[in-house]
Amino acid sequence: MQYDYRKIEPKWQKIWDEKNPFEAKQDYTLPKYYTLVEFPYPSGQGLHVGHPRPYTALDIVSRKKRMQGFNVLFPMGWDAFGLPTENYAIKNKIHPKIVTERNVARFKSQLKALGLSFDWNREINTTDPSYYKWTQWIFLQLFKKGLAYKKEMAVNFCTSCKVVLANEEVVNGVCERCSSAVIRKVKSQWMLKITEYADRLISDLDGLDYIERVKTQQINWIGKSHGAEIDFNTTTGDKLRVYTTRCDTLFGATYMVIAPEHANVEKWKSLIKNYDEVEAYRFEASKKSDFERTELVKNKTGVRLDGVNAINPATGKEIPIFISDYVLAGYGTGAIMAVPAHDERDFDFAKKFGLPIVEVVAGGNVEEEAYTDVAEGKLVNSGFLNGLEVADAKRAMIKFLEERGIGEEKINFKLRDWVFSRQRYWGEPIPLVECEKCGWVPVPEEELPLELPEVDSYEPTETGESPLSLMTDWVNCNCPKCGGRAKRETDTMPQWAGSSWYFLRYCDPHNDKELASKEALQYWMPVDWYNGGMEHTTLHLLYSRFWSKFLYDIDILDKKEPYAKRTSHGMILGENGEKMSKSRGNVVNPDDIIRDYGADTMRLYEMFIGDFEQSAPWNTQSIKGCKRFLDRVMNLVDIVKGEGITPELEKPMHKLIKKVSADIDSMRFNTAIAAMMGTLNTIYDVGHLTKCELITFAKLLSPFAPHVAEEINELLGEKNLISIAKWPEYDESKTIDDTVELPVQINGKVRSTVMAPKDADKDAILGIAKADEKIKAAIEGKTIIKEIVVPGKIINIVVK
RNA sequence: GCGGGUGUGGCGGAAUUGGCAGACGCGCUGGACUUAGGAUCCAGUGGGCUUCCCGUGCAGGUUCAACUCCUGUCACCCGCACCA
């Protein structure tokens, strides 16, 4: 018999709505558990089958924790500011607010149909003024602490979205979202000083339970490097400062390179004999996008600054200075000392321009290639450093530099400050005004939220300014400080703003006095388990850690880190093994799956499909196995017999409780389900089970297939919801078999298996093995060389 | 180039500290029940020259014993990419 999911799933969803069993309680004396999934961007397409995988996984964790007596916070909300909604609004001339409402309604009904145990009383929406009031408030605190500043700078500008992008949003030189060309454009932008937190963003990872690849990716992205800054005298009288991680190779610096954008080029204009040539090179370099620059990695170009030389402070020799775009203006000092013998890039450049290559670390063949090994090799041709190992030479050189006042130790980061301005409508307005007298002045906190005004058109202007800039009534205002004439900032915040603190709002979502009460934050934070996509490792995850640390510094939060544990799910691919996408035509719609198989089957299948952290292709055929399993579980109700314990099932049930409990904790949902399937097969082999055994089985199943579990529970006459029943416990002694089956090997090959008592000693086990007919035959007439007995595992007899 | 990951039946995938490779499921084969089977149930299912042998990307090594450890190598995926 098949169970009628079309009837029972809506039935239990309605009951859960009415009885509200998944509400996080206000009682702060209870042990808490905070499970978090990344809140979705409510797009027009609705949910796809990728969404439910992480949601179901943490729903399982949350449901189990709840049954184990924890006060669980498992919330959901909407990250609803963003470009697709705005673009849809522009095209269809509908207010983005309306579009958002529609999309949210669709998403919410789809999520509800999955039976996820979210506490919907805590639903939040980043576009809600009562929410973004606090996003703006946090921005103002950053501004007041000097961590938000406006800067005229070359930014990544998407030619299609007409919007500035953060470095993290530019992928292979094109816009992450629309794949259009990204050009460099000089604009005045609000920036957040995330670089001030670079060190802590690395070091505080230490105690956290993040999967390793997230940690390493963040560390690499922040890119901390230890080195030194060194001043080189030049024939111009100016000094030229470089950054290097290899100050030990200073004696091998045979030329210098500065970035095309370096300020000294202009300064030395009158001294540079070939300025026309230099100027032409700079112009060419400025036209290149980042993408083109990286295309040219192998082919180094550059121009020597004729008439200007530098002096190597170690050798005292005059060396030439070049400009080249292989040196980046934005990293270090925008200038380098080139040591072609020990740096591949310098080597390529030196070969091309015929510059001298001087070996200063022995061990390689510097005529053929750069020798970059730092672990092995002694210094040569290096005066007072000769004979030292690289590490010692570095120390000696730093001492040398510092004593003479020509350089010092220096740490650098790859991480750049966060470009925080967007010239779009559908985002949080930046709550600042520019006064002719006072400069940038914050909107008073009591005036927050600064709401988005109504505009006629949401389209960005031709100049790339936000549509808000056309709202003169809104833009022109009085300075909150002096009352004089002032103009509002018309840029809005990036989409990442709202998601940088949303996990805090869930703790106390209706508070209109603070972003969340101190008690709520102290109780709920940190998030105990946060699961989300790998694509957010260097964006959302880094940004939200940064904001959390800032809020810790200003005493809002008492935890330095927002997330105690971070895991990441694998993608669900199309049936052809490729990434699911509209253009590939391999998208599976979850609505169809729920209609044809039910939500419980869908949940179970998405967890059974494979290792949670690994990608796996969707297969509609395979779903049937999960449906069949649930049908067979429902049918157990018909073979319930008696009370108490069925002897043949006692040990399998204890083992199952142990296995499912452990597997949920370690995210091995697929093997937990496999174990339940195996036990179900055992139950059918036995032919009957007792009522309490079925209830135990239903409890174990309930996090995975909650509707089926509730239905069985009710059919057995139980009055209370199984979703909040007590999680079963197991007796360790009842998970161990009295007799075990042992494989017997001869020379490492299995020849037979024997049964032995679990606590039999070595000799007894060997006796049993040798009594076996097959083993007897195999060792007949041979000499036994060695006998290995691993109790509970294996017997191996080596014969000759 | 650097960093991380993955290679196991026809398919998705299992396999605590090295200890019966292929759990569980899909698919497939045969049977039962049936007007019917794309429902359900039962049996079988890595390959082969089937008393035995071969099999976890490939080639070696350590071990009584290797998917698991070591050395080398190939393929694919993801991230970063001139960061001095």
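What you are looking at is a predicted structure, and each value in this text was computed from that prediction instead of being measured. Chain naming here is simple, since letters A, B, ... match the order of the sequence lines and numbering starts at 1 in each.
- The cationic group of A:Lys224 does not satisfy the cation-pi geometry with A:Phe413, failing either the under 6.0 Å distance to the six-membered ring centre or the 45° limit from the ring axis.
- Rounded to an integer number of Å, the gap from A:Tyr326 OH to B:A84 C1' is 8 Å.
- Cation-pi geometry between A:Arg632 and A:Tyr684 is met: the NZ or CZ atom falls under 6.0 Å from the ring centre, inside 45° of the normal.
- For B:U50, the glycosidic angle deviates from 0 by 90° or less, giving a syn base.
- The gap from the P atom of B:U45 to that of B:C24 amounts to 12 Å, rounded to the nearest Å.
- The glycosidic torsion of B:G22 lies more than 90° away from 0, which places this base in the anti conformation.
- Within the 4.0 angstrom heavy-atom criterion, no nucleotide atom of any strand lies near A:Ser324.
- Nucleotides B:G4 and B:C53 have their C1' atoms positioned 40 Å apart, rounded to a whole Å.
- Under the ring-ring contact (aromatic ring centres under 6.0 Å, His included) criterion, the residue pairs touching residues 612-634 of chain A are A:Tyr605-A:Trp618, A:Phe612-A:Phe669, with sequence neighbours excluded.
- Distance check on atom C1': B:G1 versus B:G10 gives 39 Å, rounded to whole Å.
- Two residues, A:Asn747 and A:Pro617, neighbour RNA chain B, and the one matched to the more 5' nucleotide by heavy-atom proximity is A:Pro617.
- When side chains are defined from C-beta on, A:Phe608 counts as touching A:Met677, because their heavy atoms get closer than 4.5 Å.
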>> Please encode protein proximity along nucleotides 19-26 of chain B as a string of B, S and -, counting only heavy-atom distances under 4.0 Å.
In response: BB--BBSS
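- With P as the reference atom, B:U16 and B:G7 are 14 Å apart, rounded to whole Å.
- Checked against salt bridge (charged side-chain N to carboxylate O under 4.0 Å, His left out), A:Arg282 has the following partners two or more places apart in sequence or in another chain: A:Glu266.
- In the interface, the side chain of A:Lys414 is not paired with the base of B:C80 through any donor and acceptor atom under 3.5 Å apart.
- Taking atom P in both B:A23 and B:C11, the straight-line distance is 15 Å, to the nearest Å.
- With sequence neighbours excluded, no residue forms a salt bridge (charged side-chain N to carboxylate O under 4.0 Å, His left out) with A:Lys394.
- Protein atom CD1 of A:Ile797 is 14 Å distant from nucleotide atom C1' of B:A65, rounded to whole Å.
- Residue A:Ile736 contributes atom CD1, which lies 18 Å from atom P of B:U16 at whole-angstrom precision.
- In this structure, A:Glu613 places its CD atom 14 Å from C1' of B:C78, rounding to the nearest Å.
- Atom-to-atom, CD1 of A:Ile222 to P of B:G3 comes out at 19 Å; the value is rounded to the nearest Å.
- Between B:U6 and B:U56, the distance separating the two C1' atoms is 13 Å to the nearest Å.
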Mind listing the side-chain donor-acceptor pairs of residues 653-661 of chain A below 3.5 Å, one per line with the distance, residues two or more places apart or on another chain?
| residue | atom | partner | partner atom | Å |
| --- | --- | --- | --- | --- |
| A:His654 | ND1 | A:Asp731 | N | 2.9 |
| A:Lys655 | NZ | A:Asp737 | OD1 | 3.4 |
| A:Lys655 | NZ | A:Asp737 | OD2 | 2.9 |
| A:Lys658 | NZ | A:Glu732 | OE1 | 3.4 |
| A:Lys658 | NZ | A:Glu732 | OE2 | 3.0 |
| A:Lys659 | NZ | A:Asp663 | OD2 | 3.1 |
| A:Ser661 | OG | A:Ile657 | O | 2.6 |
| A:Ser661 | OG | A:Trp727 | NE1 | 3.0 |

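- Comparing the C1' positions of B:C28 and B:C76 gives an interatomic distance of 29 Å, to the nearest angstrom.
- Here A:Arg751 pairs with nothing under the salt bridge (charged side-chain N to carboxylate O under 4.0 Å, His left out) rule; sequence neighbours left out.
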>> Counting primed atoms plus P, OP1 and OP2 as sugar-phosphate and everything else as base, spell out the protein contacts along nucleotides 43-52 of chain B at 4.0 Å heavy-atom distance: B, S or - for each nucleotide, 5' to 3'.
In response: ----------
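- With sequence neighbours excluded, the residues forming a side chain to side chain donor-acceptor pair (under 3.5 Å) with A:His540 are A:Tyr530, listed by chain and number.
- Contacts of A:Ser225 with the nucleic acid, taken as non-hydrogen atoms under 4.0 Å apart, involve only primed sugar atoms and P, OP1 or OP2.
- Rounded to an integer number of Å, the gap from NZ of A:Lys579 to C1' of B:C76 is 17 Å.
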Residues 250-258 of chain A side chain polar contacts: donor-acceptor under 3.5 Å, at least two apart:
| residue | atom | partner | partner atom | Å |
| --- | --- | --- | --- | --- |
| A:Thr254 | OG1 | A:Pro356 | O | 2.9 |
| A:Tyr255 | OH | A:Asp346 | O | 2.9 |

>> The test is side chain to side chain contact (heavy atoms under 4.5 Å, CB included); show your working for A:Thr601 and A:Ile623 and say whether it passes.
In response: CA-CA 7 Å; A:Thr601 300; A:Ile623 299 172; 3.5 Å; yes
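- B:C64 sits 15 Å from B:C20 when the C1' atoms are compared, rounded to a whole Å.
- Between the CG atom of A:Asp611 and the P atom of B:G5 there is a distance of 14 Å, given to the nearest Å.
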> With Watson-Crick and G-U wobble geometry limited to distances under 3.5 Å, how should the secondary structure of RNA chain B be encoded in dot-bracket form, using | for bases paired to another strand and [ ] for crossing pairs?
Replying inline: (((((((..(((......[....)))((((((.......))))))(((...)))..(((((..]....))))))))))))....
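- Remark: A:Thr245 engages A:Ser225, A:Tyr243 in a side chain to side chain contact (heavy atoms under 4.5 Å, CB included) (not counting sequence neighbours).
- Between A:Tyr331 and the phosphate of B:A84, there is a side-chain N or O to OP1/OP2 separation shorter than 4.0 Å.
- Pairs engaging residues 245-257 of chain A under the salt bridge (charged side-chain N to carboxylate O under 4.0 Å, His left out) rule: A:Arg246-A:Asp248 [sequence neighbours left out].
- Between the CG atom of A:Asp346 and the P atom of B:A84 there is a distance of 12 Å, rounded to whole Å.
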